[in-house]
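Here the structure comes first, spelled out in structure tokens, and everything after it is commentary.
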Amino acid sequence: MAQITSARSLYHECQSQGQCGKHTLNNLLQGPVYSIADLDVIAENLRRIAQESLQKTMWKNPYKSPLGMGYYDVSVLEAALNQQNCTLSWFDARRDIGECLSQQDESMIGLILHVPTTPRWVPFWKGQHWFGILRLPNGAYIDVDSRLSQPTAFAGFDDAIRFLRDVLENGGRLFLIHRPSMEAPLEGSGGTEGSAPSTASMRILSSEQAALLGLAPLPERTEMPGPT
């Protein structure tokens, strides 16, 4: 991931064919790190793990859109971030987002937001959208939503907090993204076959499977955002 010090040098992908999951990852990682094919591989790996754990055939892949577009479950985004030495943490909406962000250290590189949408051309259909907010080393917050024509800087910390509170009040969810070290990406990054699954999948793995993978099971989550 590039070291960014100015909004002028930001990498930014604009929305294309419902590929908000891919755009969100690449805009946060500041480069064309993932393709749809890469994310499809991760989604398929997660489906196989779930199928083996549940011991039944899963004809539909719950980790990606059945329409064949670029909508992915949060588990896919988390797995992709893990491959780049990044972590995804769910924000507890019962906490104050301003207090939470004021306590973050320099390892935090941004946030991922998941919001409900209503497409203009299908007014009665409720959609979902992923996008990111990048945090620069100088502490500035930049909206890198793929629906924007270019990255947009918030006026300041308080402006960013007002925006995030509005997202939460309107049914959105927030995820904090950290990169504890600047080491090379994990082996198997880019969604290659045979790469280790993300810890996001551990909620459906047995303790024996988790031990074999060298990963600790995560606690059960509720109201997980569906494919988007």
Side-chain angles (χ1 to χ4, degrees), residues 1-15 19-34 72 74 77-78 80-118 127-183 185 199-200 221-225 228:
M1 183 175 63
Q3 286 292 307
I4 304 299
T5 58
S6 168
R8 297 177 182 177
S9 57
L10 289 177
Y11 175 87
H12 183 250
E13 291 182 2
C14 292
Q15 185 75 2
Q19 298 177 6
C20 58
K22 176 181 80 75
H23 300 319
T24 297
L25 290 169
N26 289 340
N27 288 344
L28 280 176
L29 296 170
Q30 283 299 287
V33 179
Y34 286 103
Y72 296 95
V74 65
L77 304 190
E78 184 173 15
L81 288 165
N82 288 169
Q83 292 176 354
Q84 302 301 317
N85 288 322
C86 295
T87 62
L88 178 150
S89 303
W90 293 54
F91 172 72
D92 184 347
R94 294 171 297 183
R95 296 184 59 193
D96 180 72
I97 185 61
E99 179 182 1
C100 175
L101 292 191
S102 67
Q103 297 172 348
Q104 300 302 310
D105 60 25
E106 61 183 13
S107 69
M108 179 183 164
I109 64 170
L111 303 96
I112 286 180
L113 292 78
H114 183 267
V115 297
T117 62
T118 302
Q128 301 172 81
H129 180 65
W130 291 110
F131 69 100
I133 291 179
L134 190 65
R135 184 183 187 226
L136 302 187
N138 62 7
Y141 287 86
I142 311 294
D143 189 346
V144 289
D145 191 338
S146 59
R147 294 174 298 185
L148 299 174
S149 60
Q150 61 184 10
T152 302
F154 289 96
F157 181 78
D158 290 343
D159 185 34
I161 295 304
R162 282 192 293 270
F163 178 84
L164 295 172
R165 284 175 177 159
D166 184 65
V167 167
L168 291 169
E169 290 172 1
N170 286 280
R173 296 180 176 90
L174 308 181
F175 306 85
L176 308 183
I177 311 303
H178 290 82
R179 194 172 196 183
S181 69
M182 294 304 295
E183 298 174 359
T199 54
R221 292 171 175 159
T222 59
E223 300 183 13
M224 186 180 76
T228 178

message: As an exercise, state the distance from NZ of Lys22 to CG of Asn27, rounded to the nearest 0.5 Å.
response: 8.5 Å
- request: Using only heavy-atom distances, determine whether the side chains of His12 and Gln150 contain a donor-acceptor pair under 3.5 Å.
  value: no
message: Keeping Trp130 on the side-chain end and Leu25 on the backbone end, is there a donor-acceptor pair under 3.5 Å?
response: no
Closest contact, heavy atoms only, Leu10 versus Pro151: CD1-CB, 3.6 Å
- prompt: How are the rings of Phe163 and Phe131 set relative to one another: parallel (under 30°), tilted (30 to 60°) or perpendicular (over 60°)?
  reply: perpendicular
statement: For Arg147 and Thr117 the tightest heavy-atom approach is NH1-CG2, 3.8 Å
- request: For residues Pro116 and Gly171, report the shortest heavy-atom separation together with the two atoms involved.
  value: CD-O, 3.9 Å
Without placing hydrogens or testing angles, list every side-chain donor-acceptor pair under 3.5 Å for residues 105-112, not counting sequence neighbours.
from, atom 1, to, atom 2, distance (Å)
Asp105, OD1, Ser107, N, 2.9
Asp105, OD1, Ser107, OG, 2.5

field: salt bridge (Lys or Arg N to Asp or Glu O under 4.0 Å) partners for Asp92, two or more places apart
entry: Arg94
query: Are side-chain heavy atoms of His114 and Val74 found at a separation under 4.5 Å?
result: no
- prompt: Between Gln83 and Tyr34, what is the shortest heavy-atom contact and its length?
  reply: OE1-OH, 3.1 Å
task: Keeping the roles fixed (side chain from Asn82, backbone from Cys86), state whether a donor-acceptor pair exists under 3.5 Å.
output: yes
query: Do the non-hydrogen side-chain atoms of Phe91 and Leu164 ever get within less than 4.5 Å of each other?
result: no
statement: With sequence neighbours left out, the residues meeting salt bridge (Lys or Arg N to Asp or Glu O under 4.0 Å) with Asp143 are none
query: Pick from Leu174, Asp145, Leu113: which one makes a side-chain contact (heavy atoms from CB on, under 4.5 Å) with Ile133?
result: Leu113
- line: All heavy atoms of Tyr11 vs all of Pro32, minimum pair found to be OH-CB, 3.5 Å
- prompt: Considering all heavy atoms of both residues, which atom of Gly98 and which atom of Ile161 are nearest to each other, and what is their separation?
  reply: CA-CD1, 3.6 Å
